[in-house]
Every structure is written in C-alpha cells, then in structure tokens.
Number of protein chains: 2
Amino acid sequence: MTETQKACNPGPATHDHRRCIATALREAEDLCRARAVNLTATRRRVLELVWQGHEPVKAYQIINNFRAGHQATKPPTVYRALDFLMENGLVHRIESLNAFVGCTRPENRHQADFFICTACHRVDEIDSGKIAATFEKLARQQNFTISHKTVEVYGLCRACHEKTGEQFHA
Amino acid sequence: MTETQKACNPGPATHDHRRCIATALREAEDLCRARAVNLTATRRRVLELVWQGHEPVKAYQIINNFRAGHQATKPPTVYRALDFLMENGLVHRIESLNAFVGCTRPENRHQADFFICTACHRVDEIDSGKIAATFEKLARQQNFTISHKTVEVYGLCRACHEKTGEQFHA
DNA sequence: GGACGTTATGTTATAATATAACGTTGATCA
DNA sequence: TGATCAACGTTATATTATAACATAACGTCC
Ligand SMILES: [Zn+2]
Ligand SMILES: [Zn+2]
Ligand SMILES: [Zn+2]
Ligand SMILES: [Zn+2]
C-alpha cells in the first residue's frame with residue numbers, strides 16, 4: 001500500500017495544509033529561478049511529497065508515493081532529488097530519524113536545529129542564535145572549532161502537552 | 001579483512017590507549033556488579049571493541065572484529081549487546097554517524113552531547129548544563145516540553161586545528 | 001527431580017536505508 | 001555535426017537494523 005497521506009498534525013490548530021504545500025512550492029520555484037538552478041519536475045514532485053505534512057518523511061515513503069501520473073521511481077532518483085533540495089536549503093535531514101522535512105524559511109540559507117514532538121511528530125525549526133552562541137562559548141573553552149552541527153530535541157509540542165499531560169511517551 | 005585496530009587518534013597527545021580500555025572495562029564491571037546487571041562475556045567483548053579508540057565505531061565493524069578466540073558472531077547478538085550497553089549508560093550512539101562510542105563517565109547516567117572532530121574523528125562529550133539550560137529556555141518560549149535530545153557538533157579538535165588550520169574539511 | 005520461568009544467546013531470514021557504476025536522453029553550443 | 005553537460009534511468013549491491021523463532025543455562029517451586 002502507499003502510505004497514507006496523513007492529515008496534518010493533530011491539535012486544535014489543524015489548518016489547511018494545501019496552502020503550506022502551495023507556498024513551499026512557490027517559494028522553491030522563486031528561489032531556484034533566482035539562483036539559476038533547475039527545479040525539475042522530479043525535484044518538484046519530491047519536494048511536494050516531503051511537504052505532505054509537517055512531520056519528517058522517509059525516503060522510501062517518497063519512493064513509494066512518487067507515481068506522478070503513472071510513473072514509479074527508484075531510490076537513486078529520489079536520493080538525488082533530496083540531495084539537490086538539501087543543497088539548496090529547501091529540505092533538511094533529521095539525522096536521528098533518517099528522514100526529511102521541508103524547510104520553513106528557505107529564503108535564507110541555514111543549518112537548522114529542531115524541536116520534534118514525540119506524540120504528533122510535528123517538527124519545528126528552532127529559530128535562535130542563542131544556541132549557536134552557547135555552543136561557540138563551550139567550544140572556545142576546549143579550543144574546538146565548530147563547522148556544523150546536528151541538534152534534534154524531542155518532547156511534546158504545546159498542543160500534545162495540553163491534550164494529554166501524561167499519555168504519551170517515546 | 002578485519003578493520004584495522006586503529007592507532008589512537010593522531011595529534012601530539014597520543015596516549016597509551018590500553019589504559020583507556022582497561023579503565024573502561026573495569027568501571028563497567030564495577031557498575032554492573034553494583035547495579036546487579038549481568039555484564040556477560042559477549043557484552044564485555046562488545047564494549048571492548050567499542051573502546052578500540054576514541055572514535056565512533058560502527059556496528060558492523062564490531063561484528064567483523066568480534067571473533068574472540070575463534071567465534072564469529074551475527075548482527076542480532078551485537079545489536080543486543082549494544083542495547084544493553086546503552087541502557088546501562090556504558091555506550092552512547094552517535095545518530096548522525098550510525099555509530100557508537102564508549103561513555104567516558106558512566107558512573108552517573110546521562111544523555112550526552114558531543115564534539116566530533118571531522119579530521120581525526122575523536123569524540124568528546126560536552127560536559128555542560130548550559131546547553132540544557134539554553135534549550136529549556138527556548139522550549140519554554142514555545143511551550144515545548146523537552147524529553148531528550150541529540151546534539152552532535154562537528155568541527156576540528158584543538159590538535160587538528162593547530163596542526164593544519166585549513167587542510168581538512170567534511 | 002522435573003516442570004516451569006527467566007535471561008541470554010544462536011540462527012535464519014529479511015526489512016529498511018543508501019550508494020556505486022554505468023547507460024541514456026536531450027539541450028546547448030563550438 | 002559532434003562534443004559536452006546536466007539530469008535521469010537502470011541494475012546491482014552495500015550498509016544498517018530487526019523480526020521471528022529455537023536453544024541453552026540456570027534457578028525455584030512443588
Ligand atoms: Zn501545514
Ligand atoms: Zn505534538
Ligand atoms: Zn585512549
Ligand atoms: Zn581532531
């Protein structure tokens with residue numbers, strides 16, 4: 001079976017996710033045009049599938065859901081598209097899940113840090129220079145020179161925390 | 001071929017790593033005895049192999065190097081041993097590398113954050129409550145309730161930075 | 001003592017994630 | 001025209017991890 005096109009995350013604030021997708025695709029088109037890189041049909045389709053929700057999406061979900069029109073596709077095609085999308089800051093990889101999420105602010109390139117809800121799986125980018133500053137300070141203390149980092153913080157998002165207090169773990 | 005039993009990390013401060021291994025094994029024995037959990041021969045051997053250096057070690061390196069005396073072993077055995085060692089805080093997993101490192105201070109249980117050198121691959125645990133405090137503050141701002149996190153910071157360690165300034169990337 | 005539970009390990013097979021290597025196509029342009 | 005290039009297709013395989021079931025070793029309860 002193809003994986004279900006999950007409804008957007010639970011919680012009171014469920015929204016019209018088609019707008020999220022449309023916005024993401026439009027921004028991607030604009031950015032790629034501006035940067036003179038080629039957002040091909042394949043890459044656009046992969047981006048659309050990454051944006052099927054605000055949860056991380058696995059490569060093989062994309063592969064299995066790909067059939068645009070009538071086409072199946074194979075792992076290298078999708079991994080290449082993901083590489084392109086990551087290079088261009090349109091998608092981030094969540095290392096601890098082997099999965100991918102659409103970037104919510106691709107217009108300025110960045111490495112992102114994440115809050116990840118263990119209940120609804122929603123991912124939010126942590127928007128803060130404070131983290132970088134904290135790490136830089138610690139790094140200086142041991143003469144470590146930072147180049148990049150993986151920061152993935154798990155817990156309950158507001159909605160899930162309010163809803164349940166206790167019933168979730170993982 | 002079996003993977004090479006790598007010499008300890010490069011850098012001026014190369015040390016007698018046999019002592020690191022011996023210490024780690026002794027501490028593991030003491031802790032397991034104190035906690036009344038069973039550090040079996042298999043688990044001890046896996047721990048020894050994780051400690052073959054200060055670099056992360058991959059599960060299949062352990063599987064391939066295992067043959068203690070004469071025995072080969074299979075993935076489930078090693079993954080189970082790694083699960084035991086992680087549950088007991090003797091080993092940490094590096095998510096972004098799919099690899100494992102020995103814990104340097106197993107006597108008090110903790111989730112660790114890491115500095116990882118992209119040149120010599122040395123891993124050091126970041127010892128600081130400041131990181132946790134920074135994240136807690138950000139989390140409170142968006143009503144996120146943290147349960148655990150993956151923090152893996154890449155760059156150059158002191159020795160590698162001094163040695164080369166520029167010649168490494170990755 | 002023997003039925004049973006428990007913990008750890010063995011064994012077989014396979015799932016899930018990712019890449020290597022090489023071939024094809026279609027656009028561009030000297 | 002044919003060299004070059006970017007993107008994609010295709011086949012195969014590498015790498016990482018787990019499911020499912022069998023066995024062994026040991027203690028304990030009657
Ligand atoms: Zn949405
Ligand atoms: Zn949630
Ligand atoms: Zn050492
Ligand atoms: Zn180094």
Side-chain angles (χ1 to χ4, degrees), chain A residues 1-3 28-29 32-33 35-47 49-50 56-88 90-101 150 152 170, chain B residues 1-3 28-29 32-33 35-47 49-50 56-88 90-101 150 152 170:
Chain A
M1 279 305 306
T2 76
E3 282 79 351
E29 278 156 11
C32 288
R33 198 173 323 106
R35 294 176 189 164
V37 296
N38 197 349
L39 185 66
T40 62
T42 301
R43 290 163 175 175
R44 192 178 189 285
R45 176 73 177 137
V46 169
L47 181 59
L49 291 170
V50 167
V57 175
K58 305 222 139 203
Y60 276 73
Q61 285 177 32
I62 295 171
I63 292 162
N64 294 330
N65 290 342
F66 191 88
R67 51 190 119 279
H70 214 239
Q71 295 267 59
T73 196
K74 303 238 170 73
T77 301
V78 167
Y79 280 103
R80 285 168 186 151
L82 288 168
D83 287 344
F84 170 89
L85 295 168
M86 285 190 291
E87 277 164 18
N88 286 283
L90 299 166
V91 160
H92 298 295
R93 178 178 164 90
I94 309 292
E95 295 292 345
S96 57
L97 296 173
N98 298 329
F100 304 85
V101 284
T150 294
E152 295 162 6
Chain B
M1 279 308 305
T2 75
E3 282 80 352
E29 278 156 12
C32 288
R33 198 174 323 106
R35 294 175 188 164
V37 296
N38 198 350
L39 185 66
T40 62
T42 300
R43 290 164 176 174
R44 193 178 187 285
R45 175 73 176 138
V46 169
L47 181 59
L49 291 170
V50 167
V57 175
K58 305 221 137 204
Y60 277 74
Q61 286 176 29
I62 295 170
I63 292 163
N64 294 330
N65 290 342
F66 190 88
R67 50 188 120 281
H70 213 239
Q71 295 266 61
T73 196
K74 303 239 169 76
T77 301
V78 167
Y79 279 103
R80 285 168 186 152
L82 288 169
D83 287 345
F84 170 89
L85 295 169
M86 286 189 291
E87 278 163 17
N88 287 284
L90 299 167
V91 160
H92 298 295
R93 179 179 163 88
I94 310 291
E95 295 291 346
S96 57
L97 296 173
N98 297 329
F100 304 85
V101 285
T150 294
E152 293 161 8

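Labels below follow one simple rule: chain letters A, B, ... track the order of the sequence lines, proteins then strands, and each chain is numbered from 1. Worth knowing before you read on, the calculation uses all heavy atoms, side chains too, and leaves out hydrogens, waters and symmetry mates.
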Could you give the [atom1]-to-[atom2] distance, from [X] to [N], as a whole number of Å?
| X | N | atom1 | atom2 | value |
| --- | --- | --- | --- | --- |
| A:N38 | C:dA27 | CG | C1' | 11 Å |
| A:D83 | C:dA20 | CG | P | 10 Å |
| B:R45 | C:dG10 | CZ | P | 14 Å |

OG1 of B:T40 to CZ of B:F84, rounded to nearest 0.5 Å, is 7.0 Å

Sequence neighbours excluded, the answer for salt bridge (charged side-chain N to carboxylate O under 4.0 Å, His left out) partners of B:E87 is none

With sequence neighbours left out, the residues meeting salt bridge (charged side-chain N to carboxylate O under 4.0 Å, His left out) with B:R80 are none

Qualifying residues under side chain to side chain contact (heavy atoms under 4.5 Å, CB included), relative to [X], sequence neighbours excluded:
| X | value |
| --- | --- |
| A:K58 | A:Q61, A:N98, A:A99 |
| B:R44 | B:L25, B:E29, B:L39 |
| B:R35 | B:L31, B:V37, B:N88, B:R109 |
| A:T73 | A:F66, A:T77, A:V78 |

Between B:T40 and C:dT9, is there a contact of a side-chain N or O with OP1 or OP2 at under 4.0 Å? yes

Could you pull out the protein-nucleic contacts involving nucleotides 11-17 of chain C (nitrogen or oxygen on both sides, under 3.5 Å)?
residue	atom	partner	partner atom	Å
C:dT17	OP1	A:K58	NZ	2.6

By side chain to side chain donor-acceptor pair (under 3.5 Å), B:T42 pairs with (sequence neighbours left out) none

Footprint ends on DNA chain D, 5' to 3', for atoms under 4.0 angstrom from a heavy atom of chain A, come out as D:dA7 to D:dT11

